[in-house]
Engineer: 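Could you have a look at this structure, given as structure tokens, before my questions?
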Amino acid sequence: MKVFVLNGPNLGRLGKREPSVYGSTTYEDLAALCVKAGVELGIEVDVRQTDSEAEMVGWLHEASDNGYPVVLNAAAWTHYSIAVRDAAAQLTAPLLEVHISNVHKREEFRRHSVLSDIATGVIVGLGVDGYPLALKWLADNAAG
Ligand code: DQA
């Protein structure tokens, strides 16, 4: 099974970006963590990050066309992008929404996600550990 782990804007700056909120793990560390989890779980993990909404929409179309499950941290797009939602809604395999921080403990505008009601499940506030947890769930529940 192949899984896409897709990350939205500013997540390439993990480690440097507001470490009190997002921790000191860099994006490269996060990508390596996901690939390692994939090896341990016996699934192929393709980790990507973009600051371009068009690129993210294209990757979601690619996942949809290939029937891949997606672990998605859409970052700020989570809160307002109907384009990302519409692309994610086309997925036929499970969609797991992940956020590093607990968005419900932060600003009011972060409490609403345009993705959660079309996601299979949501993991928030567990730091980067949310990603391998999402991959474990997919390995157990979305085999194929
Ligand atoms: C985030 C939370 C979002 O509100 C924010 O815009 C991000 C990261 C998280 O992983 O905690 O960029 O998705």
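Every number for a ligand or one of its atoms is a count from 1 in the order of the listing. Along the sequence shown, the residues carry numbers beginning at 1.
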Engineer: Which atoms of ligand 1 have any heavy atom of Ala76 under 4.0 Å away?
Structural biologist: 6 (O), 12 (O)
Engineer: In the protein, what heavy atom is nearest to atom 12 (O) of ligand 1, and what distance, to one decimal place, separates them?
Structural biologist: Arg17 NH2, 2.9 Å
Engineer: Check Lys136 with Glu40, please: is the shortest side-chain N to carboxylate O separation under 4.0 Å?
Structural biologist: no
Engineer: Who gets closest to atom 10 (O) of ligand 1 by heavy atom: Leu11, Ile100, Asn10?
Structural biologist: Ile100
Engineer: Describe, in one word, how the ring planes of His99 and His79 are oriented to each other, choosing from parallel (under 30°), tilted (30 to 60°) and perpendicular (over 60°).
Structural biologist: parallel
Engineer: In terms of hydrophobic clusters joined by side-chain contacts under 4.5 Å, are Leu96 and Ile100 together?
Structural biologist: yes
Engineer: Please state which protein non-hydrogen atom is closest to atom 11 (O) of ligand 1 and give its distance, to 0.1 Å?
Structural biologist: Ser101 OG, 2.6 Å
Engineer: Could Asp117 and Arg85 be called an ion pair, given the rule that one side-chain N must be under 4.0 Å from one carboxylate O?
Structural biologist: yes
Engineer: Without swapping roles, check the side chain of Asn102 against the backbone of His104 for a donor-acceptor pair under 3.5 Å.
Structural biologist: yes
Engineer: Check each heavy atom of Arg111 against ligand 1 and say whether those closer than 4.0 Å belong to the side chain, the backbone, both or neither.
Structural biologist: neither
Engineer: Out of Arg13, Arg110, His99, whose heavy atom is nearest to atom 1 (C) of ligand 1?
Structural biologist: His99
Engineer: Going only through I, L, V, M, F, W and Y residues with side-chain contacts under 4.5 Å, is there a path from Leu138 to Val128?
Structural biologist: yes
Engineer: Nearest protein heavy-atom contact for atom 4 (O) of ligand 1: which residue, which atom, what distance?
Structural biologist: His79 NE2, 2.7 Å
Engineer: Under 3.5 Å between any N/O of Thr78 and any N/O of ligand 1: does that happen in this structure?
Structural biologist: no
Engineer: Tyr68 and Leu91: which non-hydrogen atoms are nearest, and at how many Å?
Structural biologist: O-CD2, 4.3 Å
Engineer: Is there at least one pair of N or O atoms, one from Val103 and one from ligand 1, spaced under 3.5 Å apart?
Structural biologist: no
